[in-house]
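Note on naming: letters A, B, ... go to the chains in the order of the sequence lines (proteins, then strands), and numbering restarts at 1 for each one.
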Amino acid sequence: MKIATWNVNSVRARVPHLVAWLGRFAPDVVLLQELKCMDADFPMMEIEATGYRASFQGQKSYNGVAILAREAIEDVVIGLPGDPEDAQARYIEATVSGVRVASIYLPNGNPNPGPKFDYKLGFLARLEAHARGLLALERPVVLGGDYNICPTETDVWDEKAMAGDALIDPLSRAAWRRIVNQGWTDALRQIHPQLRLYSYWDYFRDRFTHDHGLRIDHLLLSPQAADRLMDANVDRSPRGLEKPSDHTPAWVELRG
DNA sequence: ATGGTCGGGCTCCGA
């Protein structure tokens with residue numbers, strides 16, 4: 001069972017790449033972020049034509065998350081609990097083939113410091129509380145998405161160039177560790193402990209050409225999912241196409 | 001070296 005996460009930076013702008021990649025990579029589940037469209041504008045027909053179903057939470061212009069799957073998408077929960085005032089479309093969770101999956105678009109948090117960084121830390125605190133409840137289910141759970149956090153120096157092409165950035169802030173990293181240390185497995189790091197594996201390259205300054213990237217897209221596995229972990233990686237190929245997203249898919253393969 | 005380039009939606013915001 002292949003589960004992937006991909007920040008597409010506008011699902012409508014990325015329909016050709018998304019459709020081609022679904023056909024080539026054939027994932028069982030895809031967790032999308034940054035749809036950048038309202039529900040009514042989601043390209044449902046184009047995606048269904050590829051053999052996938054979709055559940056999603058859209059929003060005008062910003063954010064937006066989706067779960068695509070070839071099998072049924074059940075028990076959908078939209079929104080991260082803990083703040084009824086939060087209107088940003090950043091969280092969707094569902095069950096596919098017995099695996100609980102979440103598509104998460106964590107706040108970027110820049111400029112740092114400021115209210116956007118405070119919102120990021122608040123969102124992380126809510127995610128920490130919710131993740132603890134998911135672990136208690138003692139089921140296979142995969143928390144995938146754009147976390148907007150580089151967990152360690154190995155996940156950044158150049159820490160100096162990122163000085164002061166919310167993506168490498170010690171408070172962001174500490175919040176990430178608090179979640180992981182509950183008992184989650186960072187799937188790509190588990191399979192590739194030392195590799196520089198990036199999932200994002202900024203559009204400007206030919207960052208992809210020079211492999212000046214960041215690892216900010218992650219798949220966290222509950223122990224019951226980690227038991228089944230066979231392989232994990234990023235698929236760099238979509239990032240090299242014309243009109244790419246600035247992110248490329250990260251994926252895990254689970255036994256069964 | 002505080003620039004550069006995208007996407008969305010409409011003269012600038014978010015990343």
How many Å lie between [atom1] on [X] and [atom2] on [N], as a whole number?
{"X": "A:N9", "N": "B:dC13", "atom1": "CG", "atom2": "C1'", "answer": "13 Å"}
{"X": "A:Y203", "N": "B:dC13", "atom1": "OH", "atom2": "P", "answer": "20 Å"}
{"X": "A:D246", "N": "B:dA15", "atom1": "CG", "atom2": "C1'", "answer": "7 Å"}
{"X": "A:L167", "N": "B:dG14", "atom1": "CG", "atom2": "P", "answer": "16 Å"}
{"X": "A:N63", "N": "B:dC13", "atom1": "CG", "atom2": "P", "answer": "17 Å"}
{"X": "A:M162", "N": "B:dT2", "atom1": "CE", "atom2": "P", "answer": "17 Å"}
{"X": "A:F204", "N": "B:dT2", "atom1": "CZ", "atom2": "C1'", "answer": "11 Å"}
{"X": "A:K120", "N": "B:dG14", "atom1": "NZ", "atom2": "P", "answer": "16 Å"}

Given the [atom1] atoms of [N] and [M], what is the spacing between them in whole Å?
{"N": "B:dG14", "M": "B:dT2", "atom1": "P", "value": "22 Å"}
{"N": "B:dA15", "M": "B:dG9", "atom1": "P", "value": "15 Å"}
{"N": "B:dG7", "M": "B:dT11", "atom1": "C1'", "value": "15 Å"}

[X] side-chain proximity, nearest of [options]:
{"X": "A:S10", "options": "B:dG8, B:dG3, B:dT5", "result": "B:dG8"}
{"X": "A:A13", "options": "B:dA1, B:dG7, B:dC10", "result": "B:dG7"}
{"X": "A:R205", "options": "B:dG14, B:dA1, B:dC6", "result": "B:dA1"}
{"X": "A:E34", "options": "B:dC6, B:dG8, B:dA15", "result": "B:dA15"}
{"X": "A:K36", "options": "B:dG4, B:dG7, B:dG9", "result": "B:dG7"}

Exercise for the section: Say whether A:L167 and A:I149 are linked into one hydrophobic cluster, either directly or through other cluster members, by side-chain heavy-atom distances under 4.5 angstrom. Expected result: no

Problem - Heavy-atom pair of closest approach, residues A:S199 and A:V234 - result: CB-CG1, 4.2 Å

Handout entry: Donor-acceptor contact below 3.5 Å, side chain A:H17 vs main chain A:V8
Key = no

Handout entry: CD/A:Q88: more than 12 non-hydrogen atoms of other groups inside 6.0 Å
Key = yes

Practice task
Run the numbers on A:W157 and A:H210 for ring-ring contact (aromatic ring centres under 6.0 Å, His included), then give the verdict.
Solution key: CA-CA 10 Å; A:W157 67 279; A:H210 301 109; 9.1 Å; no

Exercise for the section: Under 4.0 Å between any heavy atoms, over every strand shown, what does A:R14 touch: base, sugar-phosphate, or nothing? Just pick one. Expected result: sugar-phosphate

Practice task
Select base, sugar-phosphate, or nothing to describe what A:R90 touches, counting heavy atoms under 4.0 Å on all strands.
Solution key: sugar-phosphate

Problem - Check: A:Q194/A:T154 side-chain N/O donor and acceptor closer than 3.5 Å - result: no

Any side-chain N or O of [X] under 4.0 Å from OP1/OP2 of [N]?
{"X": "A:K60", "N": "B:dC13", "value": "no"}
{"X": "A:K116", "N": "B:dG14", "value": "yes"}
{"X": "A:R207", "N": "B:dA15", "value": "no"}

Fill in the blank from the handout: Walking DNA chain B from its 5' end, the first of A:D202 and A:Y105 to be reached, judged by nearest nucleotide, is A:D202

